[in-house]
2 protein chains.
Amino acid sequence: MLPALLQTLGTSRIKGAWFTRYWKGLRAVYGENAPPSWARLPGARCRAVEHLTKLEGLQEFEILAGLEEGFFQALAIASEVLEIGAGTALYREGEPSGAVYFMREGRAKLYRSSSGQGPGKARDQILGVVGDGSVLGLASALEGKPQSQGATALTDCVLYAVFRDELVNLMASYPGASLSLARALAARTRELEDLVGDLVFHSAPQRVARMLLDLATEEGRVTKRGVVFQPSLSRQEMAEATGISREALSRSLSRLAQEEILDLTGGKTITILKPAELRART
Amino acid sequence: MLPALLQTLGTSRIKGAWFTRYWKGLRAVYGENAPPSWARLPGARCRAVEHLTKLEGLQEFEILAGLEEGFFQALAIASEVLEIGAGTALYREGEPSGAVYFMREGRAKLYRSSSGQGPGKARDQILGVVGDGSVLGLASALEGKPQSQGATALTDCVLYAVFRDELVNLMASYPGASLSLARALAARTRELEDLVGDLVFHSAPQRVARMLLDLATEEGRVTKRGVVFQPSLSRQEMAEATGISREALSRSLSRLAQEEILDLTGGKTITILKPAELRART
DNA sequence: GACGGTTTTTGATCTACATCACATTGGAAT
DNA sequence: ATTCCAATGTGATGTAGATCAAAAACCGTC
């Protein structure tokens, strides 16, 4: 591979070179040695927690189940407990990857922004909504590249934050941990593939139906009338998760309400009256 | 989380439950213990290769660079050298994950199919085109789930095949290997995120331009007239990679040729006459 | 309660792209 | 060459969903 080729095409063989540009921009803001990500989170409180409490908390993570005692001890020492309020950005796209976060409690959205020209024109695409027990920022941390996605808390969250380098060191010492975290990454690739498939193969109403079912699965509870839930996503965000415009989402929902598949009259709460019917629309 | 909820919604909290259905179908065909994937590849030749040769070959993989001698020894013992012809399906979506493949030589496409009703209606979406030095089927192998994607050789390929379980064992013994492979997975998630971003943020002509640049970066060479290459993808496949219809792709290309950005008169070869201009269309 | 601002809904229009139908090309087989 | 078949190109048409514009609902504040 000749450098001439890359120069002529203006591309780079290393995928995501695009981010490097971003990163350079951010280095200008944050300086060469970026401060630990959470040190500059506006809504964050870094809580001092006893070692034993941290240890117990970490051992509850399903993805870490079965790992050696020594690993948990080390991870507890390396991690800080972090509390952030709903709406706080945990990290932004293009920012240097400083830490990895284990979500103990709360929900967050992972998203990507279009570098859309002109202010007010930028669009977001939600890549996933994650809850208790997930790992955030792992991929970028392993690659040692800037964040490929943004993460924002949808509800108040409690997280364990671990510095990138410390996690990598831990992974190098505890093979089981690497394997578990690799599995977590594998699960994310599958979810992303699902997303791609959904986007290209299904129509907007179908995607809306699926999105509702997914949300309800995570956030709903069964009642006599159907499945009731208060979505953690605004309509705008639902549209971003579905990959359509806010207006189109609104119309889809109205349509489903009109057909008495949904009940939207409850203010912020949504009731799925006919789950089977909704599923059939997938 | 109540089972009642899952049952009412007809969903599953475990993402990708969909594949389990596929898998069950395939078990009916292949039986409970599926034969090693490559044993039933029609166009495959399993070549007996000396240990030392395998060892050297494996050590050339960039993603494995710097790992311990012992790991390479073990991997060489565990792996088989496989040759498959252009067009051979390495594995299919939904098939039980039997092995992981290290691509030594050749190019392959990773894709997902729509479960489109009715024959002749099924569509494919190409998730990526990979070349020398890539790992195929790793994510599904780690998850221990059926393949979430299909892989088909675009050119004749030489691969090292390793049984799923053997690779997992190796990873558990050599932490460095887990870490390296986790990095490979991280890179794939980034590429998938790029794909999602591309699909939702950019128009068809923009995606075509990017696809051409990406292909040319991998397969092109610089000449006086511009960058020349023989795409490993057919027009149909280019369309699938871009997420548009074959007709739309054709029109896009014609348009670019008309504007003298491309030269398509060379039969199967494409010449990018004005790389900068093409890049500007991104 | 009335008020201002944000978020959501509804309506009307416009367009990019899919789809269908058919023409053309190009390459393998003979 | 000639024939055949698959792959590709082009033209005409329809439509899903974006976009623009404006009304309506919601929400906190006074």
List the atom pairs, donor and acceptor, that lie under 3.5 Å between side-chain atoms in residues 262-273 of chain A and the rest of the protein, sequence neighbours left out.
unit_1	atom_1	unit_2	atom_2	d
D263(A)	OD1	T265(A)	N	2.9
D263(A)	OD1	T265(A)	OG1	2.6
D263(A)	OD2	R225(A)	NH1	3.3
D263(A)	OD2	R225(A)	NH2	2.9
D263(A)	OD2	T265(A)	OG1	3.3
T269(A)	OG1	G266(A)	O	3.3

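- In this structure, F201(A) atom CZ and dC17(C) atom C1' are separated by 17 Å, rounded to whole Å.
- Atom-to-atom, NE2 of H202(B) to P of dA18(D) comes out at 16 Å; the value is rounded to the nearest Å.
- Only S254(B), listed by number, bring a heavy atom of residues 252-268 of chain B to less than 4.0 angstrom from any atom of DNA chain D.
- The main-chain N or O of G106(A) is found under 3.5 Å from a side-chain atom of D132(A) such that the two form a donor-acceptor pair.
- A residue-by-residue look at S250(B) and G243(A) shows that S250(B) has its nearest nucleotide of DNA chain D further toward the 5' end.
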All N/O pairs under 3.5 Å across the protein-nucleotides 19-24 of chain C interface:
unit_1	atom_1	unit_2	atom_2	d
dT19(C)	O4	R251(B)	NH2	3.0
dC20(C)	N4	E247(B)	OE2	3.3

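- In this structure, R112(A) contributes its side chain and S148(A) its backbone to a donor-acceptor pair below 3.5 Å.
- In this structure, the side chain of Q125(B) engages the main chain of E240(B) through a donor-acceptor pair within 3.5 Å.
- Using modelled atom types, no side-chain atom of R246(B) and backbone atom of A239(B) make a donor-acceptor pair closer than 3.5 Å.
- One atom, CZ of R235(B), and another, C1' of dT8(D), lie 8 Å apart when rounded to the nearest Å.
- The side-chain hydrogen bond (donor to acceptor under 3.5 Å, both in side chains) test applied to T282(A) returns no partner, not counting sequence neighbours.
- L233(A) places its CG atom 15 Å from the P atom of dT7(C), with the value rounded to the nearest Å.
- Spacing between atom CD of Q206(A) and atom P of dG17(D) amounts to 9 Å, rounded to whole angstrom units.
- Following rounding to the nearest Å, I244(A) (CD1) and dT8(C) (P) show an atom-to-atom distance of 14 Å.
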Can you give each donor-acceptor pair under 3.5 Å made by side-chain atoms of residues 151-158 of chain A, sequence neighbours left out, with the distance rounded to 0.1 Å?
unit_1	atom_1	unit_2	atom_2	d
T155(A)	OG1	R107(A)	N	3.0
D156(A)	OD1	A86(A)	N	2.8

For a quick test of your reading: what N or O donor-acceptor pairs under 3.5 Å do the side chains of residues 196-205 of chain B make, sequence neighbours left out?
unit_1	atom_1	unit_2	atom_2	d
S203(B)	OG	Q206(B)	OE1	3.3

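- Remark: the E219(B) side chain and the Q230(B) side chain contain no N/O donor-acceptor pair separated by less than 3.5 Å.
- Q230(A) places its CD atom 14 Å from the P atom of dC26(D), with the value rounded to the nearest Å.
- With rounding to whole Å, M238(B) atom CE is found 14 Å from dA7(D) atom P.
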